[in-house]
Amino acid sequence: MTKTVLLTGFEPFNGAAINPSWEAVRALDGWSGPDFQVVARQLPCVFGGANLALLEAIDALKPDIVIAVGQAGGRPDISVERVAINVDDASILDNAGQQPVDAAIAAGGPAAYFSTLPIKAIVRALRVRGLKSSVSQTAGTFVCNHVFYGLMHHVAGRSDDEPAIKAGFIHVPFLPEQAADRPERPPSMALDEIIDGLRIAVELALSEQADIAEAGGATH
Ligand code: PCA
């Protein structure tokens with residue numbers, strides 16, 4: 001049976017003109033193989049609204065796998081997120097002018113959820129292909145973590161007669177043109193490399209049953 005993979009990316013935020021997460025996932029929209037098809041959707045960078053759009057897309061597309069993707073400006077690599085936490089704590093305004101502080105995403109929900117993607121297998125495969133990648137222990141407390149938590153909360157709350165959804169979140173760096181605009185010259189990655197990395201992540205999510213056990217945690 002054909003599996004549907006939903007990839008989401010975000011609209012630009014914080015005054016930017018472009019968001020590499022959307023540029024990358026839209027390039028993979030319509031990619032398919034004998035047993036899978038990829039659909040890309042854009043999410044607004046808005047607390048609440050992003051999760052409504054995500055859940056609408058899940059309802060409409062009935063994906064088997066969901067990988068949400070966001071920009072993490074300043075990070076040097078493709079970071080595969082391990083954990084979503086139940087808090088919104090924004091240091092900047094979202095695209096609707098909201099700035100929640102220390103607010104629960106799901107009142108009474110668990111403190112955190114783990115990604116169900118094979119995160120270490122993805123990181124290893126990316127590195128084997130020469131792409132910079134690491135496991136990240138925090139997706140922050142802005143709209144990306146909000147979507148990651150909302151996604152995992154939805155997936156965890158599905159009933160037993162609904163098909164399971166494998167899901168997680170990946171952060172990508174600035175594009176070179178975004179970095180060049182900033183005085184601090186943050187790290188960046190070419191769009192083609194980001195697209196390649198996401199393609200590998202989709203392949204691994206489709207093929208791997210369990211994650212690999214490979215040391216690589218942080219000591220602090
Ligand atoms: N990055 C932001 C939100 C949207 C995006 O692409 C974040 O990391 O929260």
Side-chain angles (χ1 to χ4, degrees), residues 6-29 40-57 66-106 112-115 117 119 132-154 167-179 181-182 184 186-191 193-195 197-198 201:
L6 170 60
L7 296 180
T8 65
F10 282 97
E11 65 184 1
F13 66 103
N14 202 23
I18 194 169
N19 188 321
S21 66
W22 173 241
E23 298 307 317
V25 303
R26 74 192 244 186
L28 295 172
D29 187 37
R41 288 283 184 272
Q42 190 185 66
L43 302 180
C45 187
V46 174
F47 287 101
N51 283 353
L52 288 177
L54 173 67
L55 295 186
E56 263 175 39
V66 181
I67 305 179
V69 184
Q71 162 189 301
R75 287 195 191 170
D77 61 7
I78 296 179
S79 40
V80 185
E81 299 294 347
R82 187 197 295 265
V83 57
I85 60 174
N86 190 10
V87 67
D88 290 334
D89 193 15
S91 58
I92 56 172
L93 299 179
D94 73 7
N95 284 357
Q98 306 174 101
Q99 190 173 7
V101 173
D102 296 349
I105 297 168
Y113 288 105
F114 290 120
S115 172
L117 299 176
I119 58 173
K132 286 197 223 135
S133 181
S134 61
V135 170
S136 164
Q137 320 298 349
T138 174
T141 52
F142 193 51
V143 181
C144 285
N145 174 74
H146 181 85
V147 160
F148 185 16
Y149 188 93
L151 171 61
M152 302 316 296
H153 193 59
H154 169 78
F169 197 98
I170 296 179
H171 262 122
V172 300
F174 280 139
L175 297 172
E177 61 265 37
Q178 293 178 287
D181 282 348
R182 288 163 202 267
E184 73 276 19
S188 65
M189 191 177 275
L191 182 59
E193 289 194 317
I194 297 176
I195 294 169
L198 295 179

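Read the numbers this way: they start at 1 and go in the same order the structure lists the ligands and their atoms. We number each residue from 1, following the sequence as shown.
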- Separation between CZ of Phe148 and OG of Ser115, rounded to the nearest 0.5 Å: 5.0 Å
- Of all the non-hydrogen atoms in the protein, which one sits nearest to atom 1 (N) of ligand 1, and at what distance? Gln71 O, 2.8 Å
- If you measure only the distance, is there a donor-acceptor pair under 3.5 Å linking the side chains of Glu81 and His171? yes
- Is there a side chain to side chain donor-acceptor pair (under 3.5 Å) between Asn95 and Glu11 once you walk through the steps? CA-CA 9 Å; Asn95 284 357; Glu11 65 184 1; 2.8 Å; yes
- Message: So if I count the atoms of ligand 1 from 1 in the order they appear, which ones are less than 4.0 Å from some heavy atom of Asn19?
- Response: 5 (C), 6 (O)
- Query: Between the side chains of Ser133 and Asp77, is a donor N or O closer than 3.5 angstrom to an acceptor N or O?
  - Reply: no
- Task: For atom 3 (C) of ligand 1, find the nearest protein heavy atom and state the residue, atom name and distance (0.1 Å precision).
- Result: Cys144 SG, 3.2 Å
- Take every heavy atom of Cys45, measure it against each atom of ligand 1, and state whether any distance is under 4.0 Å. yes
- Geometric N/O contact Asn145 with ligand 1, under 3.5 angstrom: no
- Query: How far apart are the C-alpha atoms of Val135 and Gln137, what are their side-chain angles, what is the distance that settles it, and do they pass the side-chain contact (heavy atoms from CB on, under 4.5 Å) test?
  - Reply: CA-CA 7 Å; Val135 170; Gln137 320 298 349; 3.9 Å; yes
- Going by the order shown, which atoms of ligand 1 are within less than 4.0 Å of some heavy atom of Gly70? 6 (O)
- Message: Show the atoms of ligand 1 that are less than 4.0 angstrom away from any heavy atom in His171.
- Response: 7 (C), 8 (O)
- Query: Using the ring of each side chain (for Trp, its six-membered ring), is Tyr113 parallel, tilted or perpendicular to Tyr149, with breaks at 30° and 60°?
  - Reply: tilted
- Message: Does any N or O of ligand 1 fall below 3.5 Å from an N or O anywhere on Phe13, backbone included?
- Response: no
- Message: Heavy atoms only, cut-off 4.0 Å: how does Phe142 contact ligand 1, side chain, backbone, both, or neither?
- Response: both
- Please test Leu6 against Arg41 for side-chain contact (heavy atoms from CB on, under 4.5 Å), starting from the C-alpha separation and ending with a verdict. CA-CA 7 Å; Leu6 170 60; Arg41 288 283 184 272; 3.8 Å; yes
